[in-house]
Amino acid sequence: MALSEHEQRLLDQLEQQLHADDPKFAHSMASNTGRSMSTRRIVLGSLVTVAGLAVLLLGIWNQFIPVGVAGFLIMGAGVYYATTRSKLDGAAPGAGRSAKASSSPRGSFLSSLEEKWDERKRDQP
């Protein structure tokens, strides 16, 4: 279902406000196709996970607990590596923004949202 023009403007305002308030969080939440998961990391992580599973089973088969624990840790490391993204993205965009972006419009926008919230709370029984 498509958003109305008013809803789209409100959504754009909220997005701009999020970027002004917390650019690091906004950047981490943005859907960026350039930061998609790497196939190489997934394959390598999967291979490490399978190797860890083999070490775990070897430890269980030999009834040697430290080898089993090491296999479990290797499996965990493989899954972690496969599901994380690399840190080679560079600096976050918008990091050099001036303080001008977070001036009075932000305060008035947040104030109006707080007023609307208070009105809703007063209207409820």
Side-chain angles (χ1 to χ4, degrees):
M1 183 163 92
L3 296 176
S4 70
E5 191 173 313
H6 176 69
E7 292 170 333
Q8 186 64 41
R9 277 184 281 150
L10 285 175
L11 186 61
D12 290 339
Q13 281 181 338
L14 286 171
E15 186 176 344
Q16 290 172 357
Q17 189 61 40
L18 177 63
H19 282 284
D21 286 346
D22 196 354
K24 188 175 181 182
F25 176 72
H27 178 68
S28 69
M29 295 303 293
S31 61
N32 188 355
T33 56
R35 291 190 66 205
S36 63
M37 301 216 22
S38 168
T39 305
R40 181 176 183 228
R41 287 182 72 91
I42 293 172
V43 170
L44 190 58
S46 299
L47 289 175
V48 170
T49 302
V50 170
L53 180 63
V55 172
L56 174 68
L57 292 176
L58 181 70
I60 291 172
W61 186 55
N62 288 331
Q63 296 180 354
F64 193 56
I65 293 174
V67 174
V69 170
F72 181 78
L73 292 175
I74 293 169
M75 282 176 39
V79 169
Y80 177 77
Y81 184 78
T83 58
T84 56
R85 295 183 174 107
S86 66
K87 303 287 183 188
L88 300 176
D89 295 330
R97 285 187 181 174
S98 64
K100 191 184 252 187
S102 62
S103 61
S104 65
R106 177 184 70 156
S108 63
F109 179 71
L110 289 178
S111 297
S112 66
L113 285 178
E114 288 174 2
E115 289 171 11
K116 288 178 184 178
W117 179 259
D118 291 338
E119 283 180 30
R120 288 182 188 154
K121 285 292 191 176
R122 278 187 249 131
D123 293 341
Q124 292 180 353

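Heavy-atom basis, side chains included; hydrogens, waters and symmetry copies ignored.
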Let me check something: any side-chain donor-acceptor pairs from residues 40-48 under 3.5 Å, sequence neighbours excluded? List them with distances.
| unit_1 | atom_1 | unit_2 | atom_2 | d |
| --- | --- | --- | --- | --- |
| Arg41 | NE | Thr84 | O | 3.1 |
| Arg41 | NH2 | Thr84 | OG1 | 3.1 |
| Ser46 | OG | Ile42 | O | 2.7 |

Would you be so kind as to tabulate the donor-acceptor pairs closer than 3.5 Å made by side chains of residues 50-61, with sequence neighbours excluded?
none

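Summarising the local packing, OH of Tyr81 is surrounded by more than 12 heavy atoms from other residues, nucleotides or ligands at distances under 6.0 Å.
Here the options are His6, Glu7, Gln8, the test is side-chain contact (heavy atoms from CB on, under 4.5 Å), and the partner is Leu10; only His6 passes.
Gln16 contributes atom CD, which lies 10.0 Å from atom CG of Leu11 (distance to the nearest 0.5 angstrom).
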